[in-house]
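Before any comments, here is the structure.
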Amino acid sequence: MEGDGARTLCLFDVDGTLTAPRQKITPEMADFLQALRKKTKVGVVGGSDFEKIQEQLGDDVVEKFDYVFPENGLVAYKDGVLLNKQSIQGQLGEELLQDLINYCLSYIAKIKLPRKRGTFIEFRNGMLNVSPVGRSCSQQERIEFYELDKEEHIREKFVADLQRDFAGKGLTFSIGGQISFDVFPDGWDKRYCLEIVGKDGFKTIHFFGDKTMPGGNDYEIYTDPRTIGHSVTSPEQTRQLCEGLFFH
C-alpha cells in the first residue's frame, strides 16, 4: 500500500455494520476486509468488550485489523499490540458508580417484560452495559425483546429517566445493539478512539456505522468533523459502499 492508501483509515462499527448483531463475521466479509487492507488501513471500534469482539471477528482479530478498539477505544490495540486500557471506576469513583448500579437494578426490578434472564449489568473497563432483558438471553429472546423495544421504547425511557436523575454527573448514556445501552463518562464515546488514531497522521478517516441517529452509539463519531461518516443498515451495504469508494 502506497501514497494516499496508507494515509486513509476505514473505521468500522461491528454489530449491524460488519456482522449481524452478535453474530460471527461471514467468511466472505472477512476476506473482503483483508482485500480492503491492501488499499487502506482498517480498524474496528465497538462498544463490546474484547472477548465479544473476538467471538464475532475471530480469535486473531488483532492480527486481522490495523486497529482494534473494544469499548469505544478505552481498550486499544494497534498492529497487534495493546496500547492502553482505561478504568471507569477510577474516573467516576465508587460512590457514583454504586449509585448508578443500584438505580439500574432497582429500575429493572420494576419493569415487566415477557421474559427476563441474567446479567442485567455488565461491568467493563470503560463502561457499564445495562440490559433490561439480561445479556444471557437466547438469540430468540434477544429478537423478541428488540421487537418489543421498537414498539414500547423501553431502553429510550430508561435512558431518559437516568439522564434526568443523574444530570450534571458527567455521564453519557448510549443505546446500541438490540438489548442494552452503555453508560460511561462524558467524552468516552466512540470519538475516544480518534484521539489515538489522530497521532498517526491520517489524511482521511472514513467511519461506517448503523446506530448513527442521535442517542445511538455511533452518532458522535459519525458526526465528528474528523471523520467522513457513512450510515449503513447491514454488512452487505457496508461492503457495497466500500467497493464504490475503494475498488472502482
Side-chain angles (χ1 to χ4, degrees), residues 1-21 25-26 28-48 53 56-57 61-62 64-80 83-84 126-127 172 174-177 182 184 186-248:
M1 189 192 339
E2 296 170 5
D4 280 352
R7 297 178 64 201
T8 301
L9 171 64
C10 287
L11 271 178
F12 296 93
D13 165 53
V14 181
D15 270 1
T17 303
L18 294 182
T19 74
I25 193 167
T26 64
E28 296 78 20
M29 191 65 171
D31 289 345
F32 176 74
L33 291 170
Q34 292 312 302
L36 181 61
R37 278 183 85 189
K38 294 177 179 151
K39 308 267 187 185
T40 74
K41 295 284 187 182
V42 176
V44 290
V45 53
S48 299
I53 286 179
Q56 289 178 265
L57 301 181
V61 62
V62 297
K64 290 268 184 73
F65 295 89
D66 302 294
Y67 297 91
V68 178
F69 296 121
E71 302 188 39
N72 296 348
L74 299 161
V75 178
Y77 292 85
K78 178 187 173 186
D79 299 330
L83 289 182
N84 73 327
M127 65 182 73
T172 295
S174 182
I175 296 170
D182 297 324
F184 45 81
D186 287 344
W188 284 22
D189 53 63
K190 285 185 180 174
R191 288 174 298 184
Y192 195 88
C193 76
L194 297 179
E195 302 297 328
I196 298 162
V197 299
K199 296 168 186 159
D200 293 339
F202 290 107
K203 188 179 168 189
T204 310
I205 300 173
H206 292 270
F207 171 76
F208 301 81
D210 68 321
K211 295 284 189 292
T212 55
M213 61 295 192
N217 67 352
D218 295 323
Y219 175 72
E220 290 86 1
I221 189 171
Y222 171 72
T223 55
D224 192 281
R226 291 169 289 181
T227 69
I228 298 170
H230 305 273
S231 186
V232 300
T233 55
S234 68
E236 293 75 24
Q237 190 185 7
T238 302
R239 180 171 174 168
Q240 285 168 0
L241 276 173
C242 289
E243 283 173 341
L245 286 165
F246 305 109
F247 291 87
H248 49 266

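Along the sequence shown, residues are numbered consecutively beginning with 1.
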Requested in this report: Might you confirm whether atom OH of Tyr192 has over 12 heavy atoms from other residues, nucleotides or ligands at distances under 6.0 Å?
Outcome: yes
Report task. To the nearest 0.5 angstrom, please state how far the CD atom of Glu243 sits from the OG1 atom of Thr238. Result -> 11.0 Å
Query raised in the report: Within a strict 4.5 Å, meaning less than it, do heavy atoms of the Glu236 and Glu28 side chains meet?
Result: no
Report task. Verify, without hydrogens or angle tests, whether Ser174 (side chain) and Asp182 (backbone) share a donor-acceptor contact under 3.5 angstrom. Result -> no
**Report entry** Leu57 and Phe12, any side-chain heavy atoms less than 4.5 Å apart
**Finding:** no
Requested in this report: Could you tell me whether the side chain of Lys39 reaches within less than 4.5 Å of the side chain of Phe247, counting heavy atoms only?
Outcome: yes
Report summary line: Separation between CE (Met29) and OG1 (Thr17), nearest 0.5 Å, reads 8.5 Å
Query raised in the report: Counting distance only, does the side-chain N/O of Asp210 pair as donor-acceptor with the main-chain N or O of Thr233 below 3.5 Å?
Result: no
Query raised in the report: Which distance, rounded to the nearest 0.5 Å, do you find between the OG of Ser48 and the CE of Met127?
Result: 8.5 Å
Report task. List the atom of Pro235, the atom of Ala20, and the distance in Å for their closest heavy-atom pair. Result -> CG-N, 4.0 Å
Query raised in the report: Between Asp186 and Thr172, do the side chains contain an N or O donor and an N or O acceptor separated by less than 3.5 Å?
Result: yes
Query - Spacing of Leu241 atom CG and Phe246 atom CZ [to the nearest 0.5 Å] - result: 9.5 Å
Query raised in the report: Looking only at heavy atoms, which two atoms of Thr212 and Ser231 are closest? And how far apart?
Result: OG1-OG, 2.7 Å
Query raised in the report: Does Lys41 come within less than 4.0 Å of Asp200, counting only side-chain N to carboxylate O?
Result: no
Query raised in the report: Roughly how far apart are Thr26 OG1 and Leu18 CG, rounded to 0.5 Å?
Result: 9.5 Å
Report summary line: For Gly244 and His248, the nearest pair of non-hydrogen atoms, with its separation, is O-ND1, 2.7 Å
Report task. Please answer whether the main-chain N or O of Lys190 pairs with a side-chain N or O of Glu220 as donor and acceptor at a distance below 3.5 Å. Result -> no
Report summary line: What one should report as the nearest heavy-atom pair of Gly73 and Val45 is N-CG2, 4.4 Å
Query - Sidechain-backbone polar pair: Thr227 side chain, Asp224 backbone, donor-acceptor under 3.5 Å - result: yes
Query raised in the report: How far apart are the closest heavy atoms of Ile205 and Arg226, and which atoms are they?
Result: CB-O, 3.8 Å
Requested in this report: First locate atom CG of Asn217, then atom CG of Asp13, and finally report the distance between them rounded to the nearest 0.5 Å.
Outcome: 6.0 Å
Query raised in the report: For the ring pair Phe207 and Tyr222, is the centre-to-centre distance below 6.0 Å?
Result: no
Query raised in the report: Aromatic rings Tyr67 and Phe202: how do their planes relate, parallel, tilted or perpendicular, breaks at 30° and 60°?
Result: perpendicular
**Report entry** For Leu11 against Cys193, the heavy-atom pair lying closest together
**Finding:** CD1-SG, 3.9 Å
**Report entry** Results of salt bridge (Lys or Arg N to Asp or Glu O under 4.0 Å) for Asp15 - residues two or more places apart only
**Finding:** none
Query raised in the report: Is any side-chain heavy atom of Leu33 closer than 4.5 Å to a side-chain heavy atom of Lys64?
Result: no
Query raised in the report: Do the side chains of Phe69 and Ile196 get nearer than 4.5 Å, heavy atoms only?
Result: yes
Query raised in the report: Hey, are the side chains of Leu245 and Phe208 touching, using non-hydrogen atoms and a 4.5 Å cut-off?
Result: yes
Query raised in the report: Are any side-chain N or O atoms of Asn72 and backbone N or O atoms of Leu74, one a donor and one an acceptor, separated by less than 3.5 Å?
Result: no
